[in-house]
Every structure is written in C-alpha cells, then in structure tokens.
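The sequence lines fix the lettering, A, B, ..., with proteins before strands; numbering per chain opens at 1. For the numbers below, each heavy atom of this structure counts, side chains included, while hydrogens, waters and symmetry mates do not.
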Number of protein chains: 2
Amino acid sequence: MSTPERLIEATRELLWERGYVGTSPKAIQQAAGAGQGSMYHHFTGKPDLALAAIRRTAEEMRAAAEAVLEGGTSAYARIEAYLRRERDVLRGCPVGRLTMDPDVMGSPELRAPVHETLDRLRGRLAGIVQEGLDRGELTGPLDPAALAATIVATVQGGYVLARSSGSPEAFDTAVDGLLMLLSAHKGPSS
Amino acid sequence: MSTPERLIEATRELLWERGYVGTSPKAIQQAAGAGQGSMYHHFTGKPDLALAAIRRTAEEMRAAAEAVLEGGTSAYARIEAYLRRERDVLRGCPVGRLTMDPDVMGSPELRAPVHETLDRLRGRLAGIVQEGLDRGELTGPLDPAALAATIVATVQGGYVLARSSGSPEAFDTAVDGLLMLLSAHKGPSS
DNA sequence: GTCTATAGCCAGATAGAC
DNA sequence: GTCTATCTGGCTATAGAC
C-alpha cells in the first residue's frame, strides 16, 4: 500500500476510535508507519487528511447500505436486512460518531460528507417504505419519511446504548423493538 | 456561586460542547473565571472534576426524565411526553455524547454514571410499557424491554440526525415515526 | 519522497509565595 | 483559597537537508 493510502487508512481508524479532536498527526504517522515530512508532503495538514478519510468512510458506508438495501425482496425484508446487518456495534458508527465532534461540525467541508451520507440513507429507506406501501408489502398508515428517520435513529441510538452498556446486546434489543412495531404493518403480499 | 461550583458548571458545559478529550483544564478555568491554583486546590485534576460534572449531569437528566414520566396519565401519553419533551436538540444529549468519548469509556469511574443513567431510563420506560399493557392502555404483542430500548435509541439517534442535518427537524421526524408505529398499539382504555 | 531539526503554543500538573 | 512561576511533554506545522 502506498504511503498516502496508509495515511488515509490510519486516519480512518483513529477518527473512528477517537474522533477528530482526539486524533493527532503524530498518532496518524505512527499508525501509518510514515514520518512527519512524509505526511506533510502528501497532505497539507490534519484537516486535509481528515477530509480524505471521512470521504472514504462515507462512501464505504453508502456502499454497504446499498448492498443490503437493493435486491428483489420485500420492503420489510430489506429493512430488516439493513437493521440486522453485521456491524462492529461496540465501535459505533464511523460516520454518525463525527456528528458529536465540534471541529468536524464546525467545518463545512468535513461536515458535508457526514450530512450527505445520513441524508441519502434516509431518502433511500423512505423510498423503500413507499415502494412497500405501493406493492402492498406494508400497510398504512405509515409516513415513509418519518419511518425512515426512525429506522436510522434507532441504529444510531442503538450504538449509543451498546457502548454505554458495554455490550452489543442493547443494540439488538433496540432493533428487535423496532421490528416488532413494524411487523404489525406487514401487508398481505409480504 | 462558589468557585468549586463554578468549576463544575463550566466543566459540564464544556463536556457537553466538546467532550472530555476536547476539554482542557485551561478552558475550564477561563470559563469558570478561576485560576489554575484554584482549580487544583479544589480538585485533584481533570478526571476528578469531570467525574463531579458527569455525575451532576447524569443526576439532572434522571430527574428531568422522571418529571415527565411520572404522573397519572396513560402509558402512551407518558411515552409521548418523554419523546416530545423540550430539548436542546442541536446540542445533543449531554450523557449520550459521552459514550463516544474513548477516555470516558476507558475509565470505569467516569463511565458508570453514563451507563447507569441510560440503563435506568430503559428500565423505567419498560415498566411504563408493562403497566400500559396490564391496564389495557396498550395492546400487544409488545415486548416492554425491547420497546424501551427502541424509544431511548430513537431519542439518542434523533440527536445524531439533527446535528448531522443542522436542524432539530430531523429529531422530530424520527420521534413522529416512532409514535406513528406505537399509536397502532393504543388500547381501548386509552 | 522522506528525513531530521526546529518552533511556538497548549495540555496537564506541581511548587511555593501570598 | 488563590496566585504566579515553572516543568515535561505533546500538538501542529515549517524549513531545509538528503
């Protein structure tokens, strides 16, 4: 792997683990096995490197979501697949985590990928819910946009509960609760 | 207000705004209008001060939740009151936020109040759901513990969505979605 | 491209005067 | 109880040699 590549990957890991504020250039260099001069040769500084890392993480998360949301199954099945998809629960969401970082939220550039990723995810889920209603896989009354927000919020909040309790179980319990509520809306053609 | 008091309050604000990692003793002193010597006279250091601040914040959050959860209304009404209670949405949850802080989660002492607060909240909500089922205010199938986790997760995740989009609206939308799902379980005596 | 040297500033804390 | 002085070390970056 090239040096810039290693630097980006190291930054991604550290951003996930410690956030922007808690991640120092020095720590990045050590994790990447690169010297200071090397890092500043390839990137203008910490914000520049973080931007590259965040963009890649956001892109990866979008792809992972899409992989599980596409496909020919029912709306309910796709939502369940998204909710139950394998996750590194105790590490939290590498994108959602950044919303609690004041320096990230204070920078329009760093913030944009975070905002976009979560926003598109909500939109994608809303579309699936709408599809489900149209096809009779789900029965109303159900507001697609609201349900989509609740789904994403349950996941993001599930991470909080899991980290708080130190066990992934809390995440699963929150997901179970949501699916329990949603299953009451399963339609005949599902 | 006494100096220790001002130091604790300043720490609470900064912890909320910037997290543990992003909060320096110097910033605390300036916000509290106290000198270094003064701070180290009253507290042994940053962890000690943070502990006092976190404990107080946790206590305050428990009280705020209890204030809205107690009372003689129906289970559904109490859950809705909790979800719609006024919040400083864009600032996020002062307790939940700490779960993303590696230094807080790495310290058993700092972590305990966070864990306990979120845990008790879940237990309290589960009790209310159970009560609602018993009284016929809610109709099953409904797993109290799972629903309680979903409620807390929706709130915690709602903060993430709101901060990501820069608007409190996303929080409200997630809450609306959850109440929409839950309202399908409103019982006859409600 | 990568290295070492250097710099100014901040973090976190201690010591001792007042 | 509060103040100033001081300390060690880390952060973030620049300069210039190799």
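Here the side chains of B:M100 and A:D101 are not in contact, with every heavy-atom distance at 4.5 Å or above.
When only modelled atom types and interatomic distance are considered, A:R18 and A:T23 share no side-chain donor-acceptor pair under 3.5 Å. Between A:Y159 and A:R91, the side chains place no donor N or O within less than 3.5 Å of an acceptor N or O (distance only, hydrogens not considered).
For the pair A:Q30 CD and D:dT12 C1', the computed distance is 14 Å after rounding to whole Å. In this structure, A:L49 atom CG and D:dA13 atom P are separated by 10 Å, rounded to whole Å. Atom C1' of nucleotide D:dA13 and atom NE2 of A:H42 are separated by 17 Å, given to the nearest angstrom. Rounded to an integer number of Å, the gap from CG of A:D48 to P of D:dA13 is 10 Å.
Nearest-nucleotide positions on DNA chain D place B:T3 closer to the 5' end than the other of B:Q36 and B:T3. In terms of position on DNA chain D, the residue among A:K46 and B:H41 whose nearest nucleotide sits closer to the 5' end is B:H41.
Nearest nucleotide to the side chain of B:Y40, out of C:dT14, D:dA13, C:dT2: C:dT14.
Relative to the ring axis of B:Y20, B:R111 does not place its NZ or CZ within 45° and under 6.0 Å from the centre. A cation-pi geometry, defined here as NZ or CZ lying under 6.0 Å from the six-membered ring centre and within 45° of its normal, does not hold between A:R135 and A:Y76.
Within residues 8-29 of chain A, the residues approaching DNA chain D are A:T23, A:S24, A:P25, A:K26, by heavy-atom distance under 4.0 Å.
When the options A:R62, A:R55, A:R122 are evaluated for a side chain to side chain donor-acceptor pair (under 3.5 Å) with A:T117, the one that passes is A:R62.
If you check every strand for non-hydrogen atoms under 4.0 Å, A:G45 touches sugar and phosphate atoms only. Residue contacts shown for B:G37 include a base, since a base heavy atom lies under 4.0 Å away.
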